[in-house]
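Have a look at the structure below, then the notes.
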Amino acid sequence: MTFAKSYEPGEYESDIYAAWEASGIFNPKLTTRPVDDDGDGFDDRNDGSRDTYSIVMPPPNANGNLHIGHGLTIALEDSLTRYYRLKGKSAWYIPGADHAGFETWVVYEKNLESHGHSRFEFDRDELYTRVWDFVAEQRGNMELQLRALGASCSWDDLTFTLDENVVDRVYTTFEKMWQDGMIYRGEKLVNYCPKHRTAFADIEVEHKDEHGTLWDIAYDDIIVSTTRPETLFGDTAVAVNPDDPRYKDRIGTTVHLPLTDREIPIIADEHADPEFGTGAVKITPAHDFDDFEVGERHNLERIQVIAEDGTMINVPEPYLGLTAAECRKKVLKDLKEQGLLVGEKKITHSVAHCYKCGTVLEPTLKEQWFIDVERLASTAIKHLENGEIKFYPENKQKVLINYLKGLKDWNISRQIPWGIAIPMFRKIDDIATDEPDWIFDRRTHLQVIEKAGVKYQRDDDTFDTWFSSAHWPIVCTNWTEENFNPYYPLNVMETGADILFAWVARMIMMGLYVTGEVPFKEVYLHGLVLDEHGQKMSKSKGNVINPMDLVARFGSDAFRLGILRGRSAGMNQAFSENSVIAGRNLCNKLWNISRLVQSIVDDKGAGAESRGAFATTGANDEASPVTTGASEEATRGSVTAPYQTLNMGEDWLCRELNSCLDQVEQAMTNYRFAEAVEILYQTIWDKYADWFLETQKIYKNVSLLKTTLETILIALHPFAPFVTEAIWQNLSWTDGFVANAKWPARLEFDPISAEQFENIRIIVSEVRTTLQALPGTNNAKKYSLLYDNDSLVNDNQLIIRTLTKVPTINSLDGAPRGLRLALANHELYLDVPENIVKEYKNNLTERILSVGRELDALNLRMCNPNYVERAPAHLVKETTDQIKEKEALISRLKTELEII
RNA sequence: GGGGAUUUAGCUCAGUUGGCUAGAGCGUACGAUUCACAUUCGUAAGGUCACAGGUUCAAGCCCUGUAAUCCCCACCA
C-alpha cells in the first residue's frame with residue numbers, strides 16, 4: 001500500500017469508522033479484559049491502573065440534524081474520550097437521542113396543520129403513536145452524522161429519552177417524590193402559550209422588550225394605569241401603598257369597577273409603588289404573576305377572564321367570547337365613551353414570549369403538578385458549596401449556586417402529547433370514599449384504571465422534558481440502587497453554558513436526590529459558536545454554518561481541529577473556515593511526514609511489510625473479523641522496537657516530544673483543548689517536520705523515525721482521529737488501531753546533546769536571517785560560510801549546510817573576511833564581497849541600536865538594589881548572564897562595523 | 001435592581017499561581033521551486049496589553065476607579 005501525494009479524508013473516513021465500530025473498541029464492556037504484555041498476570045496497561053472514564057453525550061434531537069454546536073460538543077467530548085482511552089482507561093462515551101418533547105411536537109404539529117389537521121381531532125394516545133411513527137421515519141441522520149464526526153461512543157449503549165428504562169426511572173423518582181411530599185398539584189399562574197396550548201417552566205420563557213401603551217382608567221376617583229385593559233373584568237381589588245398619604249383614608253373602602261356592576265375593595269400592599277403613575281394599581285390575580293401573589297396575601301378571588309383558547313369568559317355579555325385583542329379594543333372604546341379613559345402614553349416594557357413561536361405568553365390560571373424545590377435546591381447548594389463538582393469555567397459554580405438560591409417551585413406539567421405521561425390518576429366517581437383524589441400508578445398506557453373498586457382517570461399531561469433529562473447520567477450508566485456502578489458518577493459533564501440552569505442544575509439536584517451522590521465530578525461548559533464576525537448564527541441572518549458541509553469539504557479531523565482552535569471554556573467565540581483550513585493543512589502535513597518516514601523505512605528497513613488492518617479501498621479481511629468482543633491483541637496499537645539516538649537533532653527531538661507530551665497531558669487535565677491542539681501543531685509542524693525531518697534526510701535513524709512518528713500519531717489522535725488512523729493503517733510496521741494504542745512513553749535522550757542542537761538552530765537561523773537581509777536574491781546559493789576554530793560547526797557541517805542551503809562551509813584560512821555573523825560564541829563569516837558588506841552597514845547599525853536598547857533595560861534592572869536583593873537568585877543570575885552576552889554581541893557588532 | 005463576563009497584532013484568540021525583549025493561526029510584504037508536502041519552504045513587518053490611579057524589586061496578570069461591549073436572572077401596573 002502506498003501513500004497518495006496528499007491526504008484525501010473522503011477516501012478513508014467512513015471505512016475507518018466502520019472498522020473501529022466493528023472492532024468493539026468503543027465499548028468498554030467488550031474490552032475490559034486485562035492486558036498483560038509482560039506475562040506477570042497483572043493488567044499492565046497504563047501502569048497497571050485500569051480505572052474507568054465515563055462521559056455522556058447530551059442527546060441530540062433524534063430526528064434532527066446536527067448543528068455547529070453539536071460539532072463542538074462532539075469535538076470536545078470525543079477528544080476527552082479518546083485521550084483517556086489511550087491513557088488506558090475503560091473509556092465509556094455513552095451516546096443518546098432526545099425525543100425533544102416540545103421541539104419535535106412543534107415540528108409535528110406544523111406537519112399536521114400543513115395536512116389540514118388539528119391536534120384536537122385526536123386523543124392523546126393516538127397523537128403519541130403518530131408522533132412516534134413520525135420520529136421513527138425521520139430518525140437516523142443524526143446518528144450517521146455523529147459517526148462522521150468521529151464520535152467514539154459505544155453505540156450498543158445508545159439511550160433514547162423515551163426508552164423503557166428511562167421512563168421506569170422517571171416514574172420511580174416521581175413516586176418517591178410523591179411519597180416524600182415534594183409533589184403537589186396547585187392552581188397557579190403559569191406561563192401559557194395560547195398557540196401551542198401548553199404551559200412552560202419559568203426557564204423556558206423569553207422576555208423581550210416591547211413598545212406598548214399604558215392607559216389610565218378612572219375607577220371612580222382613583223386612577224389606575226394598565227397595559228392590559230381587557231383584564232379589567234378580572235380585577236378583584238385596587239392596591240395602594242400602605243405608606244402613601246394620598247390614599248391612607250381610602251384603604252378598606254371600595255371603588256366601582258368600570259363597565260361592570262361590581263364594587264372592589266381598596267387594599268394596602270407593598271406591591272404598589274407610590275412613585276409609579278398614580279400609585280394605585282389594579283389587581284388581577286388570575287392574569288398577572290404579581291397580582292396573583294397580592295391576591296394570595298389578601299385572600300382575593302381569582303376570576304379567570306381569558307380562557308385557554310384566548311377568548312373572553314366570565315365577562316359581561318357584550319364582551320363574552322371575544323378574543324383578548326378584540327376585547328381590548330372594545331373596552332377602550334367603551335371606557336372612552338363613558339369618559340373613564342383619562343390618559344395614555346407609550347412605554348417600553350418587557351413581555352414574556354414563547355421561546356419557540358414567539359407568541360406572547362398569557363399568564364393563565366391552571367392546575368398543574370409542581371415540585372417543591374426547597375429540599376432539592378438546598379441539598380444541591382450544600383454539595384456545590386462543598387466543592388464536590390469542579391466547574392470549567394470556574395465562576396459557573398457561583399453562578400449556579402446563586403441561581404439555586406432563588407429557585408421557585410418547578411412546574412413539571414406540559415399539555416403536549418409527545419413526552420412521558422405523568423403517572424397520576426384522578427378519581428372519577430364523585431362518590432364519597434376515603435380514597436384520595438389523586439393516586440400514583442405506572443400504568444399510563446391505560447386511560448382509566450380501577451383500584452379498590454374506585455375508578456381513576458389518567459392525567460393527560462406529560463412531563464417537562466427537563467424532568468426526565470435530569471436523570472441522564474443515572475439512566476445512561478444504568479445506575480441502580482442495588483449494585484455498585486463504577487461509571488457513576490460520571491467523570492465529566494460536557495455541555496453548553498446556555499443550559500447550565502435548565503439541565504446541569506437539574507441533573508445535580510436529581511442525581512443527589514436519587515443516588516445521594518453528585519452525578520458528575522467535573523463540568524465543562526462550552527460557549528456558543530458564533531459566525532466569523534462574532535454574530536450569533538441564525539436562520540434568519542443566513543449565517544448558519546453546517547458542520548457536515550465542512551466535514552465533506554475538508555475532512556472530519558480538519559473540522560475538529562478547526563473548531564477547537566482558540567476556544568476556551570464558557571466563552572462564545574467566532575468561528576471561520578480559515579481555522580478549518582489550517583486543520584486540513586496540518587492533516588496533510590502529517591500525512592506527508594508519514595509518507596517521507598515510510599519511504600525512508602522502505603529504503604533502509606529490511607523486510608518491512610504491510611500489516612495494516614485494512615486497505616484504503618475498504619475493510620479487508622483482517623479488519624472485519626472482530627465481531628464478538630474485541631480481542632485486544634488484535635486491535636491494540638503496537639509499539640515499536642527500541643531505538644538509539646545517534647546525533648544531536650535526534651536527542652533534541654526526543655526532548656521536544658517529551659515536553660509536548662507533558663504539555664498535552666497538562667492541558668487535557670485542565671480542559672485546555674485549544675492549548676493541547678496548539679502545542680501539537682507546533683511540535684508536529686515546526687519541530688518534527690521543519691527541523692528534525694530535515695536532518696533525517698541526512699541521518700536516517702529508522703527505529704527512531706518509527707518511534708517518534710508513532711508518538712506524534714498517538715498524541716494527535718484524540719483530536720484528529722481519522723488521519724492518524726489512516727496513516728497508522730498505511731504504515732508498514734504498525735499493528736492494530738491507533739485508536740486503541742497506548743499513550744506514548746517518554747523518550748530517552750542525551751540532554752547535553754539536545755541542548756547542543758539548540759546552538760545549531762541559533763546558528764542556522766542567524767545565517768538565514770542574514771542571507772535574507774543581504775541585498776540581492778538567491779543569496780543562500782551565492783555565499784559560503786566560513787568558520788574559525790569552531791568544533792560545533794566543524795562537526796556539523798552537513799547539517800548546517802543542508803538547513804541553510806549554503807553551497808560550502810570552510811575553515812577560515814588566514815585573516816577573517818566577509819561578514820561576521822552576530823553570534824556571541826561563534827566565529828562565523830559569510831563569504832560576502834566587500835561592496836555588499838558595505839551595503840549591509842545600515843543593517844548592522846540598526847542591530848547594534850536594538851541590542852543596545854535591550855542591554856540598557858537589563859542594566860537598569862541590575863542598578864536597582866531592590867531587584868538584586870529581593871528577586872529570586874536564579875532570575876538575577878539570568879540577568880547578569882544576559883548582560884554579558886549582550887555586551888559581547890555589541891562589541892562584536894561594533895568591531896565588524898569598524899572593519900567596514 | 002441582582003449576578004456573570006469581555007476589552008491583548010489588520011482578523012480570531014492564547015498568555016495557568018505576578019518574572020526576562022507579550023505568543024500562535026489566518027492575513028500582509030519579501031524571497032525560494034524537480035528531490036514528503038504550494039494544503040510547501042525561508043525571512044520579515046505589525047502591539048502605549050481599553051483608560052486612570054495603586055500595590056510590588058517586578059503588573060497583560062493583583063487592588064481601586066472609569067469607559068465600552070455582551071450574557072443571565074428578577075422586575076417594569
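First the proteins, then the strands, lettered A, B, ... as listed; each starts at 1.
- The residue from A/T231, A/I217, A/I222 that alone fulfils the side-chain contact (heavy atoms from CB on, under 4.5 Å) condition with A/K282 is A/T231.
- Considering only the side chain of A/K5, B/C37 comes nearest among B/G4, B/G25, B/C37.
- Looking at the side chain of A/Q772, the nearest of the listed nucleotides B/G25, B/A14, B/C30 is B/C30.
- Across B/C26 and B/A9, the matching C1' atoms stand 12 Å from one another, rounded to whole Å.
- Contact of A/K805 with B/A32 (side chain to base): no donor-acceptor pair of N or O atoms is detected under 3.5 Å.
- A/Q598 places a side-chain N or O within donor-acceptor distance of the main-chain N or O of A/S732, the cut-off being under 3.5 Å.
- A distance of about 14 Å separates the P atoms of B/U7 and B/C49, rounded to the whole Å.
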Hey, can you pull the donor-acceptor pairs under 3.5 Å for the side chains in residues 401-409 of chain A, sequence neighbours left out?
residue	atom	partner	partner atom	Å
A/Y403	OH	A/R506	NH1	3.4
A/D409	OD1	A/V373	N	3.2
A/D409	OD2	A/Y184	OH	2.7

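- Summarising the geometry, the separation between CZ on A/F501 and C1' on B/C72 is reported as 6 Å, rounded to the nearest angstrom.
- B/G27 and B/U16 are spaced 28 Å apart, taking the P atom of each and rounding to whole Å.
- OP1 or OP2 of B/C41 lies within a sub-4.0 Å distance of a side-chain N or O belonging to A/W685.
- When heavy atoms are screened at a 4.0 angstrom cut-off, A/E878 is found touching base atoms of the nucleic acid.
- Across all strands shown, A/R861 has heavy atoms under 4.0 Å from sugar-phosphate atoms exclusively, and none from any base.
- Among the heavy atoms of the strands, none lies under 4.0 Å from A/W215.
- For A/R584 and A/F559, the positive end is not near the middle of the six-membered ring at less than 6.0 Å and at most 45° from its axis.
- At a threshold of 4.0 angstrom between heavy atoms, the contacts of A/Q682 are confined to the sugar-phosphate backbone, with no base atom among them.
- Between the base of B/A36 and the side chain of A/E694 there is a donor-acceptor pair shorter than 3.5 Å.
- Side-chain N/O atoms of A/R584 include none lying less than 4.0 angstrom from OP1 or OP2 on B/A38.
- Look at CD1 on A/I381: it is 15 Å from C1' on B/G3, rounded to the nearest Å.
- With both ends at atom C1', the span from B/G42 to B/C37 equals 15 Å, rounded to whole Å.
- Nucleotides B/C70 and B/A50 have their C1' atoms positioned 15 Å apart, rounded to a whole Å.
- For B/G47 and B/C11, the P atoms lie 13 Å apart once the distance is rounded to whole Å.
- Atom P of nucleotide B/C35 and atom CG of A/N592 are separated by 11 Å, given to the nearest angstrom.
- To the nearest whole angstrom, the two P atoms, one in B/A58 and one in B/G18, are 15 Å apart.
- Between A/S850 and B/U21 there is no side-chain polar atom (N or O) within less than 4.0 angstrom of OP1 or OP2.
- Atom CG in A/L72 sits roughly 15 Å away from atom C1' in B/U12 (whole-Å rounding).
- Across B/U6, B/A44, B/U21, the shortest atom-to-atom separation from the side chain of A/T769 is found for B/A44.
- A donor and an acceptor atom sit less than 3.5 Å apart, one in the side chain of A/K589 and one in the base of B/C37.
- With hydrogens and angles ignored, no donor-acceptor pair closer than 3.5 Å exists between the side chain of A/Q573 and the base of B/C13.
- Across the protein-nucleic acid pair, A/N395 atom CG and B/C71 atom C1' stand 12 Å apart, rounded to whole Å.
- Rounded to a whole Å, the CD1 atom of A/I401 is 21 Å from the P atom of B/C72.
- Spacing between B/U64 and B/U55 at atom C1', rounded to whole Å, works out to 11 Å.
- Atom C1' of nucleotide B/C13 and atom CD of A/E675 are separated by 12 Å, given to the nearest angstrom.
- OP1 or OP2 of B/G15 has at least one side-chain nitrogen or oxygen of A/R672 nearer than 4.0 Å.
- With A/N241 contributing its side chain and A/G279 its backbone, the two residues share no donor-acceptor pair below 3.5 Å.
- In this structure, A/N578 atom CG and B/C26 atom C1' are separated by 5 Å, rounded to whole Å.
- For the ring pair (Phe, Tyr, Trp, His ring centres under 6.0 Å) test with A/Y688, the passing option among A/W685, A/W691, A/F692 is A/F692; the others fail.
- Distances from the side chain of A/L875 to the nucleotides B/C37, B/U33, B/G19 place B/G19 closest.
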